[in-house]
Amino acid sequence: MIANYIFKPDMIIDVEAINYFNKIVKEACYIKIKNIYEINDWTTLSKMLYEENNSNQTFRNKLLIGTIIAYRELYGNNAKIIEIDFDKSKIKLELLYEIKKIIRKKYAYSKPNYYINIKNIEEVDLNKKLYDIDINNINYDIIKSDIKLEDSNSIFAYLNYIHFSDPNIKSIQEDNKKILNYTIERNKR
C-alpha cells in the first residue's frame with residue numbers, strides 16, 4: 001500500500017531530523033521509500049491537505065492561516081513528499097503514525113513558539129474554503145514567545161515538522177487523493 005509523509009518547511013532544513021527519519025524507516029521492516037517529491041508551494045499543498053468542512057471551520061481556518069503564514073515567513077515555501085510503500089498485512093498503521101509522533105517529539109516540540117498577529121483579521125473571510133483564502137493580502141506580525149499570548153488576534157503557529165495521515169485506511173486514501181489533486185493542479189500551471 002502507498003502512503004505519504006510530508007516533510008514541512010521546517011523539517012526539510014533540519015538534516016539531523018531527516019537522517020533520523022531515514023534511520024527509523026530503514027530499520028522498520030516492510031517499509032520502503034518509493035519516491036521523494038520536491039514541493040515548491042507548501043502554501044497550496046497545505047491548504048488542500050487541511051481543507052475540511054465542519055462546524056468549527058471559521059476558527060480552524062484562522063488557526064491554519066496563521067500556521068501557513070508562519071511557515072512561509074520563517075522557513076520558506078518548500079516541502080517534500082515522501083512516498084512510502086508498505087505491506088499492510090505486516091505493518092500496523094499505528095507504527096507509521098508513531099514515526100510522525102517520534103519526529104515531532106524529538107525535534108519540533110523543542111523549538112521556539114511563534115504567534116501570528118493578524119492585523120486585518122476583520123477583512124479576511126474565514127468562512128471561505130481554506131483553499132480560497134488569499135493570504136497574500138493579510139497584514140501580520142510574527143511574535144516569538146514562550147508565554148501564551150491572550151490577544152484574540154494572536155494565533156499560535158503549529159510548526160510541527162511532519163505530516164502523516166490518521167492511522168486508518170480511509171484517512172490515508174483521502175490524503176493520497178489530496179496529494180494527487182495537488183500534483184494535477186501544479187502541473188496545470
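Only heavy atoms go into these numbers, but all of them, side chains included; no hydrogens, no water, no symmetry mates.
- A salt bridge is defined here as a Lys NZ or Arg NE, NH1 or NH2 lying under 4.0 Å from an Asp or Glu carboxylate O, and Glu174 with Lys177 fails to meet this definition.
- Note that the CG atom of Asp125 and the CG atom of Asp134 stand 12.0 Å from one another [nearest 0.5 Å].
- Side chain of Asn56 to backbone of Phe59: no donor-acceptor contact under 3.5 angstrom is found.
- Val25 and Ile102 fall within the same hydrophobic cluster, defined by Ile, Leu, Val, Met, Phe, Trp and Tyr side-chain heavy atoms under 4.5 Å apart, directly or through other members.
- Rounding to the nearest 0.5 angstrom, the gap separating the CG atom in Asp85 from the CE atom in Met1 is 10.0 Å.
- Between the side chain of Asp41 and the backbone N or O of Thr44 there is at least one donor-acceptor pair closer than 3.5 Å.
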Would you be so kind as to tabulate the donor-acceptor pairs closer than 3.5 Å made by side chains of residues 157-167, with sequence neighbours excluded?
| unit_1 | atom_1 | unit_2 | atom_2 | d |
| --- | --- | --- | --- | --- |
| Asn160 | OD1 | Lys8 | NZ | 2.5 |
| Asn160 | OD1 | Arg104 | NH2 | 3.4 |
| Tyr161 | OH | Asp14 | OD2 | 2.6 |
| His163 | ND1 | Tyr50 | OH | 3.1 |
| His163 | NE2 | Asp175 | OD2 | 2.7 |
| Ser165 | OG | Asp175 | OD2 | 2.7 |

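- Separating the CZ atom in Phe156 from the OG1 atom in Thr67 is a distance of 8.0 Å, to the nearest 0.5 Å.
- Smallest separation of non-hydrogen atoms from Ala70 and Ile116: CB-CD1, 3.6 Å.
- Residues in residues 47-64 take part in these salt bridge (charged side-chain N to carboxylate O under 4.0 Å, His left out) pairs, two or more places apart or across chains: Glu52-Arg60.
- Minimum interatomic distance between Ile103 and Ala17 (heavy atoms only, all atoms of both residues): CD1-O, 4.1 Å.
- Hydrophobic clustering places Tyr30 together with Phe21 (ILVMFWY residues linked when any side-chain heavy atoms are closer than 4.5 Å, directly or through intermediates).
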*Can you list the steps and then say if Ile6 with Ile39 is a side chain to side chain contact (heavy atoms under 4.5 Å, CB included)?*
CA-CA 10 Å; Ile6 298 176; Ile39 302 301; over 6 Å; no
*Output, in order, the C-alpha distance, side-chain angles, deciding distance and verdict of side chain to side chain contact (heavy atoms under 4.5 Å, CB included) for Ile84 and Leu96.*
CA-CA 10 Å; Ile84 62 165; Leu96 300 174; 3.9 Å; yes
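- When the side chains of ILVMFWY residues are joined at heavy-atom separations under 4.5 Å, either directly or via intervening members, Ile81 and Tyr131 end up in a single hydrophobic cluster.
- Linking ILVMFWY residues whenever their side-chain heavy atoms come closer than 4.5 Å, directly or via other members, leaves Tyr97 and Tyr109 in distinct clusters.
- Using modelled atom types, one finds no donor on one side chain facing an acceptor on the other under 3.5 Å when comparing Tyr115 with Asn117.
- Ser145 and Ile147 make their closest contact through OG-O, 2.9 Å (heavy atoms, listed as atom of the first residue, atom of the second, distance).
- In this structure, Ile31 is a member of the same hydrophobic cluster as Ile36, with clusters built from ILVMFWY side-chain heavy atoms closer than 4.5 Å.
- Considering only residues two or more places apart in sequence or on other chains, Lys178 meets the salt bridge (Lys or Arg N to Asp or Glu O under 4.0 Å) condition with none of them.
- Gln173 contributes no side-chain N or O that, together with a main-chain N or O of Asn168, makes up a donor-acceptor pair within less than 3.5 Å.
- Nearest heavy atoms, Asn120 versus Asn137: ND2-O, 3.1 Å.
- For the atom pair Ile169 CD1 and Leu93 CG, the distance stands at 4.5 Å (nearest 0.5 Å).
- Side-chain atoms of Asn77 do not come within 3.5 Å of backbone N or O of Arg72 as any donor-acceptor pair.
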*Just do the side chain to side chain contact (heavy atoms under 4.5 Å, CB included) check on Tyr107 and Met11 with the steps written out, would you?*
CA-CA 9 Å; Tyr107 296 99; Met11 182 157 170; over 6 Å; no
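- The distance from the CG atom of Leu49 to the CG atom of Asn4 is 9.5 Å, given to the nearest 0.5 Å.
- Smallest separation of non-hydrogen atoms from Ile13 and Asp10: CG1-O, 3.4 Å.
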*What do the steps show when you test Glu73 against Tyr114 for side-chain hydrogen bond (donor to acceptor under 3.5 Å, both in side chains), and what is the final call?*
CA-CA 11 Å; Glu73 186 71 23; Tyr114 290 92; over 6 Å; no
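- A distance of 9.0 Å separates CD1 of Ile135 from CG of Leu130, quoted to the nearest 0.5 Å.
- Residues Ile18 and Ile12 share a closest heavy-atom pair of CD1-O, 3.7 Å.
- Within the 3.5 Å criterion, the main-chain N or O of Lys119 finds no donor-acceptor partner in the side chain of Asn139.
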